[in-house]
Amino acid sequence: NAGVTQTPKFQVLKTGQSMTLQCAQDMNHNSMYWYRQDPGMGLRLIYYSASEGTTDKGEVPNGYNVSRLNKREFSLRLESAAPSQTSVYFCASSAGQGNQPQHFGDGTRLSIL
Amino acid sequence: AQKVTQAQTEISVVEKEDVTLDCVYETRDTTYYLFWYKQPPSGELVFLIRRNSFDEQNEISGRYSWNFQKSTSSFNFTITASQVVDSAVYFCALSEVFSSGSARQLTFGSGTQLTVLP
């Protein structure tokens, strides 16, 4: 019973490098989300996908792109990493209705030097 | 725009004390949902409770209780007889919804770090 699986768990990049964070859920959820967590700021929404085939910007989308590959998978790409993107990234999924809680992956700790 | 404020950045208590974590929210919608999540030192986010805007009944689950007051836009969380294992960061979050009932997005507060000392 995996829930939401994120890969990798840790990553160190150099400024300017690109990478893709992977997220997959096995709960047949419609909606998926990417957040970043920085000290003292809680979680901030980067992008979300309300359903397969749709994506929308959240609060802090600059410097990121996303792909909803299918119902299960939602990836986050950093095209040219910057030190300001050093953070812990969480993927989440939910059934999509407002009363449904979001279920989170274990996070990816990303450091950009 | 919706906003969630957790004014208590850090709280420290001694084991067996009761502790209340405050959450104040802002929204223009009449239909919304409030959540509490726990983030233990291991880092994962654990869903604790959900409350809709039409249900102001307080809820108790074991040592946990929640007090939702629409008049003050608050959704406070109390841990009774705290234990060391309660040490974690606790997040309050708000979800607004479209008329269809589907969620817009979840807005989190900045979290309260609770430390329970033995």
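Each chain gets a letter, A, B and so on, in the order its sequence line appears, and its residues count up from 1.
Salt bridge status for B:Glu59 with B:Arg51: present, with a side-chain N to carboxylate O gap under 4.0 Å.
For residues 109-118 of chain B, heavy-atom neighbours of chain A at less than 4.5 Å comprise B:Gly109, B:Ser110, sorted by residue number.
Remark: the A:Gln100 side chain and the A:Ser94 side chain contain no N/O donor-acceptor pair separated by less than 3.5 Å.
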Only distances under 3.5 Å count here; give the side-chain donor-acceptor pairs of residues 38-49 of chain B to other protein atoms, sequence neighbours excluded, each with its distance to 0.1 Å.
residue : atom : partner : partner atom : Å
B:Lys38 : NZ   : B:Val85 : O            : 3.3
B:Gln39 : OE1  : A:Gln37 : NE2          : 2.9
B:Gln39 : NE2  : A:Gln37 : OE1          : 3.0
B:Gln39 : NE2  : B:Gly43 : O            : 2.9
B:Ser42 : OG   : B:Glu44 : OE1          : 2.4
B:Ser42 : OG   : B:Glu44 : OE2          : 3.2

Please output the side-chain donor-acceptor pairs of residues 72-79 of chain B that fall under 3.5 Å, not counting sequence neighbours, one pair per line with the distance.
residue : atom : partner : partner atom : Å
B:Thr72 : OG1  : B:Gln69 : O            : 3.4
B:Thr72 : OG1  : B:Ser74 : OG           : 2.8
B:Asn76 : OD1  : B:Cys23 : N            : 2.9
B:Thr78 : OG1  : B:Thr20 : OG1          : 2.8

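Counting side-chain heavy-atom gaps under 4.5 Å among Ile, Leu, Val, Met, Phe, Trp and Tyr, the cluster of A:Val12 also holds A:Leu113.
Residue B:Tyr32: no heavy atom, backbone or side chain, is found under 4.5 Å from chain A.
Listed here is the closest heavy atom pair of A:Met32 and A:Lys71: SD-O, 3.7 Å.
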